[in-house]
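Throughout, residue positions are numbered sequentially from 1 according to the sequence presented. What's counted below: heavy atoms across the whole structure, side chains too, no hydrogens, waters or symmetry copies.
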Amino acid sequence: MNIPSNTSQPRSRNGSKKTASAKTGQPRARRSRTPAAPVVPDPTREIAYDIVRGVIENRRMLETTLGRSQEAREAEPRDRAAAHRLGAATLRHLGTLSTVLEPFLRKQPPEPVRVALLIGACQLLFLETPPHAAVGTTVNLLRRRDLAPFAGLANAVLRKVATQGVTLLEGLDQERLNIPGWMWSSWKYLGPGVARKIARGLAQEAPLDLTLKSDAPPMEEGIVLPTGSVRFPAGTRVPDLPGFEEGTFWVQDAAAALPARLLAAKPGEHVADLCAAPGGKTAQLACTGAQVTALERDPARLERLKENLTRLKLDTVRTVCADAAAWQPEAPLDAILLDAPCSATGTARRHPDALWIKRPRDFAALIEAQTGLLAAAARMLKPGGRLVYAVCSLQQEEGPDQARKIAGQFGLKADPIRPEEMQDLPEALTPEGWVRTHPGLWPDLGGMDGFFAARFIKES
């Protein structure tokens, strides 16, 4: 997203034109006769800055930056949460923010400076930050990052955004701007107008959804959704909710709770969750009384899974650190849930970085890996065994195309999901008997993630 030049030239306070740097084309910073005051550290903006730079410059996931950043690990939980919110909001409105900044820049500044401007503009236009705070913290951020020559530019540009930005927003098609063009086009298969509904859902911060154990007492707060999940406002602190220490619930988007339900595991059945971390679907399966094996190839993610199961007091689950593509059970299984690694474009409400780090050429490797996991899952099943294939993706290649390709391969045949199984969310059932959710569903309730699920049976 290039920011075109603006022909106007900033003026100093006395009205004279400032000289421009021959190297950058931006105004030179005014030399001060007195040493600049020390800049107070601001963990929220510093961490948010690293998050957005990681996505824009390196196509690095937001959570990866948080995990690697020493500053993020040492930050207070409140600062870390605020940084996550600021970084995610900037990415959620990235196209709009870039467009708003265009008229105020004669030419595109260096990328690190542009990131700071995007974060400052996001605070002004979407987070209701007072102008003096948004401008001042951005100027200080540039100084702390050895970009002091651009502090004057940031001050001038963001002051204009503060006074004119809201007016500029009125004429913009924000829903279209905030989705990469190739991705918007790829969603046309979902039907007329659905891409815009999805974009509208992605513009909102996602609420918090919980899945309760079947014997858990009802929660006095929260909204019970048609599918049974309990929804709380975005920003709700999970450890503060009643029942957390007792292990009566776990965090799981309402859409993410559907695939395990469609597997319909029964008490005593031998069931595997092949890509199990962080464990929400594993917990669902364990609560049915089935004998569950949870596979996870990443040791760190497996430890997180174990911690979650311990809190939930689900000690009957067998956990295995293994690659599902190579693992074999001791005996054929009755049922398998494969929530396969994918582009994760369906989770962009919570992870807006997914919109900007993926490229069309990334899908070939993902699809090949998914096909390998499906073949492995088929080998693990006993004749008549059930398989639910799911992805948290909105992409046709990873959902419908895979389901069509699977049917008839690896000894699997389609087992269409029946209308009575989706009575609480009939709009998600496709004519083929698949389940397709997306962020445009339930707009009055706060939306849901994008998931695709299809069910198969192992032939004799």
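Under the 3.5 Å distance criterion, the side-chain polar atoms of Thr437 are matched with a main-chain donor or acceptor of Asp449. For Tyr49 (side chain) and Pro112 (main-chain N/O), a donor-acceptor pair under 3.5 Å exists by modelled atom type. Remark: the backbone N or O of Gly95 is paired with a side-chain donor or acceptor of Asn178 at under 3.5 angstrom. Under a 3.5 Å cut-off, the side chain of His438 and the backbone N or O of Gly440 do form a donor-acceptor pair.
The two residues Pro439 and Gly346 make their nearest non-hydrogen contact at CG-O, 4.3 Å. The two residues Asp424 and Arg261 come nearest to each other via the heavy atoms OD2-NH1, 2.9 Å.
Between Gln395 and Trp187, the side chains place a donor N or O and an acceptor N or O closer than 3.5 Å (distance only, hydrogens not considered). For the 3.5 Å distance criterion, the side chains of Glu398 and Gln402 fail to qualify, holding no donor opposite an acceptor. Inspection of the Trp250 and Gln252 side chains reveals an N or O donor paired with an N or O acceptor under 3.5 Å. Side-chain contact, Lys281 with Gln284: no donor N or O sits under 3.5 Å from an acceptor N or O. In summary, the side chains of Thr65 and Asp50 do not present any donor paired with an acceptor at a separation below 3.5 Å, with no hydrogens or angles considered.
Atom CZ of residue Arg350 and atom NE2 of residue His84 lie 10.5 Å apart, to the nearest 0.5 angstrom.
Figure legend: Arg59 and Trp356 shown without cation-pi pairing, the cationic atom not lying both under 6.0 angstrom from the six-membered ring centre and within 45 degrees of its axis.
Other residues, nucleotides and ligands contribute at most 12 non-hydrogen atoms within 6.0 Å of the CZ atom of Arg304. Shown here is Glu427, whose CD atom has more than 12 heavy atoms of other residues, nucleotides or ligands within 6.0 Å.
Taking the six-membered ring where the residue is Trp, Phe126 and His93 present parallel rings, their angle staying beneath 30° rather than reaching 60°.
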